[in-house]
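Here is the structure we will look at, set down as C-alpha cells.
Quick caveat, the model's predicted, so the values are computed rather than measured.
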Amino acid sequence: MVHTDRHRRHPAAVGRARRAWRGALAVLVCLSAALASLPAAAEDGYELWLRYRPLADAAAQGQRARFAQLVAPASTPTQRAARDELLRGLGGLLGAAPSTAEAPDRDGALLVGTPASLPAIAALELDLDGLGAEGFAIRSTRVGGRAATVVAANTDTGALYGAFHLLRLLQTGQPVDALDIRESPRVKLRVLNHWDNLDRYVERGYAGESIWDWHRLPDWLDPRYTDYARANASIGINGTVLNNVNTSAQALTPLYLEKTAALASVMRPYGIKVYLSARFSAPIEIGGLPTADPLDPAVRQWWKDKIDEIYRTIPDFGGFLVKANSEGQPGPQDYGRSHADGANMMAEALAPHGGVVMWRAFVYSHEEPDDRAKQAYTEFVPHDGVFADNVLVQVKNGAIDFQPREPFHPLFGAMPKTPLMMEFQITKEYLGFATHLVYLGPMYEEVLRADTHARGPGSTVAKIIDGSLEGHALTGMAGVANIGVDRNWSGSHFDQANWYVYGRMAWDPHASAEAIARDWTRMTFSTDPDVVEPVVSMMMGSHQAVVDYMTPLGLHHLMGRGHHYGPGPWVEGGPRADWTSVYYHRADARGIGFDRSATGSNAVAQYAPPVARQFGSIDTVPEEFLLWFHHVPWDHPMASGRSLWDELVTRYGRGVDYVRGMRRTWSTLEDKVDQERHRQVSVFLGIQEKEAQWWRDASIAYFGTFSRRPLPAGEAEPPHDVEYYKSLQFPFAPGDGK
Ligand code: GCV
C-alpha cells in the first residue's frame, strides 16, 4: 500500500496523539471502575423476580441472535399475556425486544403456542401427549431449515407457563442452546389463600392492607392486579381464594360477587381461577333462613341457588374454601351434623359447574379436653371415604398451627380415600412477621419429604399431596398469602422468596428448596456468584435459626397472646387452655415438654406404627421434636453430651449468633445490591437480631425459674428478670385476628 505525504504524520505528533489517547483511556478505565463500584440503581422491590435486568453483554449478544424473532399468536387474552411477557422479558434481558412475525422466516425464531394456535407448531408434530392442560415442552430445533426455539403446549395456559419457564432460564443464566424440556405440574390446584377481610384488614398480614380494593371494584381495576396475576402465573399458581377463612357472608352477596367477577376477569388470562371462602351460616345471615342445617332441604336449595348465581356471574369460578366449627366459626356440628355432611352439601351444588370444596381440617373445639394436636385426626379420620368426589380436605402442615417447626400432621397418610390438600403458611405469623429473614423453603421441604410410612417406607407427604401414593387425580396445595399493598408486596424483600418457593413447590412438591433459593436470588438480586452463594447460604440456614431462637428442640406455641409477636412462654389463663403457652411447654421443676407418648396424650398413636415407635420413644425421637412428644428431665443427656437445660440455652444462643452472621454477610454485599433494597434488608436484620436476643433472654429467664440451674459456661445471663419481659405490651402489633 502506498502512503502519500498527506497521510504521513510527524513522529512527534504521533507521540502526542498516543499519549492523549492513553490518557483518555486511563480516564475511561477509572470512570468505568468508579461506575462499577457504584451501587446498582435503586429498586423498590415492586418487580419481584420478574425484573428482567440486562444480561451481561456477551451473553446478551448470543441470545439476541437466538431470539431475534418472536412468532406467537395474540388472538386470545392468554396468548397476548404470553406474547407481552416475552416481549417485555426478552427486551429487558437482551437489551432489544425481538421482532414479531406471523410465521418464522429467519434464523433465531422463537415459536410459542399450541398446534391449534400456530400452524408452524402443528407442522412440527411434537409429542405433547402427557403434558395435560398446563404442561409445556421447550425445544431447540430447526424450522424450515433455520435454527429456532419452540415453546409448545396443548393449551394457551401451558404455553404461557412455558414462556415464563424460558424467561427463567435466561434470567438465571442457564444454557438455552440445546433445550429439550417437558414439564407439567404435579399438583392440580395450586392456590393462594388470602386472609383478607372485606374492609381490607389482613389477618396475620404484615405487608399493609389487602390488595383487593373492594370499594373501588368492580370499576377500578388496579394495574397491580395484573402484576399479581403475572407473578403468580410465573410460578404456576392457578387459583386464589380472595377472602379470609374467618369470613363475612357479605362476600356472597350480589354486590361482592360483581366485584369478584371483575377480579376474575383480570386473573383469567393468566390461568388463575378465583375462589371464595364461604361462611357456613350464610343462609341465615344473607338468606333469611332460620337455620343453616346442611340436611335441611331449604338450606340445600339456598346453596344450590347461590352457587348457580355465582356461576352465572363467574363461569369459571373455582369453588369454596370453608373453615367450619373452628375457633368460633359456624359449621355443621352446630346442628349435630358432621364435617362430611356440610362439605357434601356444598359439593353437590358445585359439582355440575365443575367447582370444588376445600374443607379445612384445622379444627379444635372449646369443649374437647383432649390434646389439641389430636383433635383434627379424631374428627376427620372416621369420615374417610364419605366425602364427595369434588371435596378436598385441606390440612395444615402440622397438627397445632404453623409453628416454627412441627412434625408432619398425622392426617397425612391416615385418610387414603380422601384427597388431602396441604396448607402451608407463607405469611410468617409465628416466624417473626415480615421483619425476620426466614426462608421457608427448607421447612416446606422437610414436611414434604417426611415419611408417613402409610404404605410402607417411602410414603412421603409429597406423594400424598401429588396423589401418586393413594391414586388421587384431584390434588392441591394452598399457601396462606403474605401479600399486601406494600410497595414490595410482602413487607420485606426476602419474604418475596417465600411466595416464590411456595409456588414452585406447589408445582412440584419434590423440588429442592436450595435450587429454588438459587433461582430466586439470581432473578431478584444478581447472577453474580459472589452474591448468589452468600445469599443462598444465609437463606438456607435461616429457618433452623428462627427455630433455635424461638422454639428449640420441639417447643411450640410460646408467643405473645393474640398478636403472636415476641416471646410469651408465661402466657396462661384466659378463655381456653390451648390458647396458652403453659399448656404446651408444661415446664416444672422436673423438666419440660408435652408428653404425647403412650404415657401421656398418646398423640403418637395417630402416626403409622414405625413413625409412632420412633416419635414415641425418648431414645429415638429426633431431637428437633423431643419436647413436642416428651416431657424430659432438665438433666437428660443430649446427643451433644450436654444436659437438656444446657442444650436449650445453647440452641437459643446459636439462633442469635446465626442472625449476627447474616448481618455480617449482608454487609459485605453493600456494593453489589442496590442501595434501597440493601438498606432495608440491613435494618430489618438489625431488628431481627434485637428480637432474636429478646426471645433468647426472655425464654431463658422464664424457663430458668423452673430448671433452677446455672447457665452453661460462657452464656450471658439475661439482662432482666422474667417480670420485666412479662411486663412488655404490644397492643397495636400488626395482623392480630379480629
Ligand atoms: C384465620 C390461627 C391464626 C388465626 C387463623 C387460624 C386459621 O389460629 O392465629 O388468625 O384464622 O389459625 O388458620 O383459621
Parallel, tilted or perpendicular for W195 and F402, by the 30°/60° rule?
tilted
**Asked** Strictly under 6.0 Å, is that where the ring centroids of H585 and Y702 end up?
**Response** yes
Notebook entry, point to check: Quick one: do R660 and D657 make a salt bridge, cutoff under 4.0 Å?
Noted result: yes
Charged N-O contact under 4.0 Å between E533 and R518:
yes
Scanning both residues in full, the closest heavy-atom pair of M477 with Y502 reads O-OH, 2.7 Å
Can you label the angle between the F494 ring and the W520 ring as parallel, tilted or perpendicular, going by 30° and 60°?
-> tilted
For E423 and V480, the nearest pair of non-hydrogen atoms, with its separation, is OE2-CG2, 3.9 Å
**Asked** Should we count CZ of R679 as having more than 12 external heavy atoms under 6.0 Å?
**Response** no
Do R651 and E623 sit within salt-bridge range, that is, some charged N less than 4.0 Å from a carboxylate O? yes
Note: H630 and V621 closest approach over all heavy atoms is CD2-CG1, 3.8 Å
message = Checking side-chain polar atoms at under 3.5 Å, does R405 have a donor or acceptor matched by the opposite partner on Q544?
response = yes
Under 4.0 Å between a Lys/Arg side-chain N and an Asp/Glu carboxylate O for R677 and D674?
yes
Practice problem: Step through it carefully: locate the ring centre of F525, locate the ring centre of W666, and say whether they are under 6.0 Å apart. | Solution: yes
Residues passing the salt bridge (Lys or Arg N to Asp or Glu O under 4.0 Å) test with E715, sequence neighbours excluded, are R696
Tightest non-hydrogen contact, residues H510 and A462, listed as CE1-CB, 3.6 Å
Which of M550, K428, M443 passes side chain to side chain contact (heavy atoms under 4.5 Å, CB included) with P404? Answer is M550
Residues passing the ring-ring contact (aromatic ring centres under 6.0 Å, His included) test with W489, sequence neighbours excluded, are Y46, W499
Applying salt bridge (Lys or Arg N to Asp or Glu O under 4.0 Å) to R642 and not counting sequence neighbours gives E647
Minimal heavy-atom distance between F362 and I400, with the atoms involved, is CE1-O, 3.3 Å
With sequence neighbours left out, the residues meeting salt bridge (Lys or Arg N to Asp or Glu O under 4.0 Å) with R613 are none
Does the ring center of F615 lie less than 6.0 Å from the ring center of F629? yes
Verify the distance criterion only: is there a donor paired with an acceptor across the side chains of E429 and H564 at less than 3.5 Å? yes
- Does a side-chain N-to-carboxylate-O contact under 4.0 Å join D519 and R504? yes
Should the ring pair W634 and F703 be called parallel, tilted or perpendicular, given that the plane angle runs from 0 to 90° and is split at 30 and 60? tilted
In short, F433 meets H563 closest at the heavy-atom pair CZ-O, 3.3 Å
Exercise. Specify whether H556 and F594 have parallel, tilted or perpendicular ring planes, treating 30° as the upper limit for parallel and 60° as the lower limit for perpendicular.
Key: parallel
- Query: So, for Y549 and Y658, is the gap between ring centers shorter than 6.0 Å?
  - Reply: no
Apply ring pair (Phe, Tyr, Trp, His ring centres under 6.0 Å) to residues Y725 and H720 and explain how you reach the verdict. CA-CA 7 Å; Y725 296 109; H720 304 282; 5.7 Å; yes
With sequence neighbours left out, the residues meeting salt bridge (Lys or Arg N to Asp or Glu O under 4.0 Å) with D588 are none
Less than 3.5 Å apart, any donor N or O on the side chain of H436 or E691 sitting next to an acceptor on the other? yes
Using side-chain heavy atoms (C-beta onward) and a distance below 4.5 Å, is V447 in contact with M422? yes
For D635, the side chain to side chain donor-acceptor pair (under 3.5 Å) test, sequence neighbours excluded, returns R709
